[in-house]
Amino acid sequence: MDKEWDDDFIEALMVSLQDKRVIEKIQAIAEAGSYSQLGEHKELLKEKEKEKEIAKLQQELASKKAEISEYKIMIRHLNEKMESYYNELQKRRADYREAEELYEAVQQLSETTKSSLKGIFKGGSVQEFIVCGVQYENISSLWDFIKNEIMEGREQERETLLALFLYFFQEYSKTYDTPLYKIQEVKMNEVFREDLYIRALNSKISGNIMDVLLPGYISINGKTIKKSVVRI
C-alpha cells in the first residue's frame with residue numbers, strides 16, 4: 001500500500017515538475033536564494049573594502065601629521081633665525097644711525113678742526129667715514145689730535161671729538177673675538193700718577209684726579225698704550 005502511494009506521489013511529482021509554472025517557480029526560488037547569497041557576499045566585500053580604505057586613510061593621516069610636525073619644527077627654527085637676523089639688522093641700523101649722527105656732528109666742527117681731520121677721515125660720505133674711522137692707525141691719530149687740542153687749551157669741541165674716538169674705538173674692538181685693547185680705568189679722586197696719566201692744562205702739580213678729559217687705553221696684557229688725560 002505504502003509502495004503504491006510512494007509510486008503515485010513520485011509520478012505526480014514528476015508530472016508537476018514538467019509543468020511550466022512549477023518550473024518557473026522553482027527557478028524563481030533558486031534565483032532568489034542565489035541573489036540573496038550574492039548580496040551577502042557583495043555586502044561583505046564592501047565592508048572589507050571600506051576597512052581597507054579606512055586603514056589606508058588612517059595611514060595617510062598619520063603620515064600627514066608627521067609631515068606637519070616636521071614643518072612646525074622647521075618653521076620654529078626659521079622664526080628663530082629671522083628673529084636673530086632682525087635683531088642683528090636693528091643693531092646694525094642703530095650703529096649706522098650713530099655713525100650718521102657723528103658724521104653730521106663732524107660737519108659742524110670748525111673749519112680748522114675739519115681741515116686737521118682730513119688726514120684721518122678721507123672721502124665725503126658716511127660709508128667712507130666709517131671705513132676710515134675703524135682703522136687702528138686712524139683711531140690712534142685721532143686720539144693724538146684730541147690730546148694735543150686739550151693740551152693747547154682748545155676744549156670747545158672736545159665733547160664731539162671724544163664721542164668720535166669712543167665710537168670708533170668700540171667698533172674696532174668688535175672686529176676681534178677678543179679685543180686687543182680696552183679703555184684705561186680711571187677712578188675719581190684717585191691720586192695722580194705720572195706713570196699712568198697725563199696732567200692736563202690748568203691742573204695742580206699733584207693731588208687727586210677731578211676729571212678725565214680724554215680716556216687712554218691699554219693692551220689686553222695690561223701695557224699702557226695711551227695715558228688718560230686728566231685734570232687734577
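Predicted, not measured: the structure shown is a model, and the values here were computed from it.
- In this structure, E155 pairs ionically with R231, as a charged nitrogen and a carboxylate oxygen lie closer than 4.0 Å.
- Put simply, the side chain of S69 gets close to the backbone of K65: a donor and an acceptor are under 3.5 Å apart.
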Item to check | K122 and K118: CA distance, side-chain angles, deciding distance, side chain to side chain contact (heavy atoms under 4.5 Å, CB included) verdict | outcome: CA-CA 6 Å; K122 302 177 178 66; K118 280 184 179 179; over 6 Å; no
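- How far OG of S141 is from CZ of F165: 11.5 Å, rounded to the nearest 0.5 Å.
- Salt bridge annotation for R199-E194: present, with a cationic side-chain nitrogen under 4.0 angstrom from a carboxylate oxygen.
- There is no side-chain donor-acceptor pair under 3.5 Å between E101 and Y96.
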Next on the checklist: For L142 and N138: C-alpha separation, side-chain torsions, deciding distance, then whether side chain to side chain contact (heavy atoms under 4.5 Å, CB included) applies.
Outcome noted: CA-CA 6 Å; L142 177 61; N138 290 335; over 6 Å; no
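- Under a cut-off of 6.0 angstrom, the local environment of CE in M188 is crowded, with over 12 non-hydrogen atoms contributed by other residues, nucleotides or ligands.
- In the hydrophobic clustering of this structure, V229 groups with I139; members are Ile, Leu, Val, Met, Phe, Trp, Tyr whose side-chain heavy atoms approach within less than 4.5 Å, directly or through other members.
- Scored by the salt bridge (charged side-chain N to carboxylate O under 4.0 Å, His left out) test, K72 finds no partners at all (sequence neighbours excluded).
- Around NZ of K174, the count of heavy atoms belonging to other residues, nucleotides or ligands within 6.0 Å exceeds 12.
- In this structure, M74 and H77 have side chains that are not in contact, with every pair of non-hydrogen atoms separated by 4.5 Å or more.
- Minimum interatomic distance between G216 and S228 (heavy atoms only, all atoms of both residues): N-OG, 2.7 Å.
- In the displayed structure, E67 atom CD is contacted under 6.0 Å by more than 12 heavy atoms of other residues, nucleotides or ligands.
- Panel note: side chain R158, backbone L213; a donor-acceptor pair is recorded below 3.5 Å.
- Under a 3.5 Å cut-off, the side chain of S116 and the backbone N or O of T112 do form a donor-acceptor pair.
- Taking OG of S125 as the reference point, atom CD of E100 lies at 11.0 Å (rounded to 0.5 Å).
- Heavy atoms only, all atoms of each residue included: E128 and G123 are closest at OE1-CA, 3.2 Å.
- Taken together through direct or relayed side-chain contacts under 4.5 Å among Ile, Leu, Val, Met, Phe, Trp and Tyr, I198 and M210 form parts of separate hydrophobic clusters.
- Atom NZ of K114 is surrounded by more than 12 heavy atoms from other residues, nucleotides or ligands within 6.0 Å.
- Taking OG of S203 as the start and CG of L201 as the end, the distance is 7.5 Å to the nearest 0.5 Å.
- For the ring-ring contact (aromatic ring centres under 6.0 Å, His included) test with Y136, the passing option among Y176, W143, F169, Y172 is Y172; the others fail.
- In this structure, OG in S173 is found 8.0 Å from CG in L180, a value given to the nearest 0.5 Å.
- Side chain to side chain, T113 and S110 meet the donor-acceptor criterion of an N or O pair below 3.5 Å.
- Considering CG of L164 and CD of E157, their distance stands at 11.5 Å, rounded to 0.5 Å.
- A pairwise comparison of heavy atoms in L214 and L162 identifies CD1-CD1, 3.8 Å as the closest pair.
- Residues K226 and Y217 have side chains in contact (heavy-atom distance under 4.5 Å, counting atoms from C-beta outward).
- Pairs engaging residues 97-128 under the ring pair (Phe, Tyr, Trp, His ring centres under 6.0 Å) rule: Y103-F129, F121-F129, F121-F168 [sequence neighbours left out].
- Listed by first then second residue, pairs satisfying salt bridge (charged side-chain N to carboxylate O under 4.0 Å, His left out) with a partner in residues 181-193 read R193-D195, not counting sequence neighbours.
- Linking Ile, Leu, Val, Met, Phe, Trp and Tyr whenever their side-chain heavy atoms come within less than 4.5 Å puts L166 and L117 in one cluster.
- The number of heavy atoms from other shown groups lying within 6.0 Å of CD1 (I205) does not exceed 12.
- Taking CD from E149 and CG from D144, the interatomic distance works out to 12.0 Å, rounded to the nearest 0.5 Å.
- The hydrophobic cluster containing Y197 does not contain I183, counting ILVMFWY residues as joined when their side-chain heavy atoms lie under 4.5 angstrom apart, directly or transitively.
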Item to check | Stepwise side chain to side chain contact (heavy atoms under 4.5 Å, CB included) check, V230 with D211 | outcome: CA-CA 6 Å; V230 300; D211 193 11; over 6 Å; no
Checklist entry - Under the side chain to side chain contact (heavy atoms under 4.5 Å, CB included) criterion, do Y181 and I218 qualify, and how do the steps go? => result CA-CA 6 Å; Y181 308 101; I218 62 177; over 6 Å; no
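- One hydrophobic cluster, built from ILVMFWY side chains closer than 4.5 Å, cannot hold both I225 and V186; they sit in different ones.
- A200 and M151 make their closest contact through CA-SD, 4.1 Å (heavy atoms, listed as atom of the first residue, atom of the second, distance).
- Enclosure of atom CD in Q107 by more than 12 non-hydrogen atoms of other residues, nucleotides or ligands within 6.0 angstrom is indicated.
- Closest of all the heavy-atom pairs between P179 and I220 is O-CD1, 3.5 Å.
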